[in-house]
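Input: a single structure, listed below in structure tokens.
Computed from a predicted model, the values in this text were never measured in an experiment.
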Amino acid sequence: MGQELGLSDGRLHATALAAMIHDLGKINVPAEILTRPGRLSEIEFEFIKTHPAAGFEIVRNIEFPWRIADAILQHHKRLDGSGCPHGARRRRNHPRGADHRRRRRRR
């Protein structure tokens, strides 16, 4: 899909890496919850929802040439901003704090 979108080789590599490790935070979720058949309880589901932030914390101090930690944190984010950890819809709720700014590409 990335090739069809015309992404550079670097962005394709970054996307592949993020895809491989995006659920890294599930290492903090008990195996009994991850492998349990059937519907999760509300408490179990709340626990599962912590995995993006846990993954972010694991890789946040690793220097990548791409924003891999942010990709891990936001991999459940929807266009309306829902799906972020703790239902955060605004950038001020980003774990890096209010000073975190997204770099925008100029056209």
Side-chain angles (χ1 to χ4, degrees):
M1 184 176 357
Q3 289 174 331
E4 291 294 320
L5 291 170
L7 298 182
S8 68
D9 287 343
R11 290 199 108 182
L12 288 171
H13 184 73
T15 302
L17 178 59
M20 284 188 275
I21 65 172
H22 76 277
D23 276 338
L24 181 65
K26 285 186 178 178
I27 197 165
N28 287 351
V29 178
E32 295 81 15
I33 294 175
L34 292 174
T35 60
R36 184 172 165 255
R39 190 173 177 96
L40 296 174
S41 72
E42 189 174 323
I43 293 171
E44 291 169 328
F45 187 59
E46 290 300 316
F47 203 82
I48 289 279
K49 290 190 321 188
T50 67
H51 82 273
F56 174 85
E57 289 300 322
I58 292 168
V59 301
R60 69 186 260 176
N61 293 319
I62 299 172
E63 290 191 32
F64 293 103
W66 314 284
R67 296 175 56 192
I68 300 297
D70 288 337
I72 290 171
L73 179 66
Q74 298 176 14
H75 77 270
H76 284 288
K77 185 175 181 178
R78 296 182 186 100
L79 290 175
D80 67 357
S82 66
C84 285
H86 312 294
R89 290 178 181 253
R90 296 182 181 192
R91 302 240 2 115
R92 72 174 181 214
N93 291 331
H94 193 283
R96 291 188 185 168
D99 293 332
H100 179 74
R101 301 284 187 259
R102 170 179 259 178
R103 293 183 191 150
R104 294 188 177 191
R105 291 175 45 190
R106 297 182 190 252
R107 294 179 186 220

Transitively linked via ILVMFWY side-chain contacts under 4.5 Å: Phe45 with Leu34? yes

Does the side chain of His51 reach to within under 4.5 Å of the side chain of His76, using non-hydrogen atoms? yes

Considering only heavy atoms from C-beta outward, does the side chain of Asp23 approach that of His75 to under 4.5 Å? yes

Does any non-hydrogen side-chain atom of Ile62 lie less than 4.5 Å from one of Ile68? no

Nearest non-hydrogen partners of Ala71 and Ala18, listed with the distance: CB-CB, 4.0 Å

Distance in Å, Leu73 CG paired with Glu57 CD, rounded so as to fall on 0.5 Å steps: 9.0 Å

What's the separation between atom OG1 in Thr50 and atom NZ in Lys26, rounded to the nearest 0.5 Å? 10.5 Å

How about Glu42: does its CD atom have over 12 heavy atoms from other parts shown lying under 6.0 Å from it? no

For the atom pair CG (Leu40) and NZ (Lys49), what is the distance rounded to the nearest 0.5 Å? 11.5 Å

Which distance, rounded to the nearest 0.5 Å, do you find between the NE2 of His13 and the OG of Ser8? 11.5 Å

I need the minimum non-hydrogen distance between Pro52 and Ile72, along with the two atoms involved. CB-O, 3.7 Å

Do you know the tightest heavy-atom contact between Asn28 and Phe47? O-CE2, 3.4 Å

Residue pair Leu7 / Thr15: nearest heavy atoms and the distance that separates them: CD1-OG1, 4.3 Å

Is Glu44 close to Glu32 at the side-chain level, that is, under 4.5 Å between some pair of heavy atoms? no

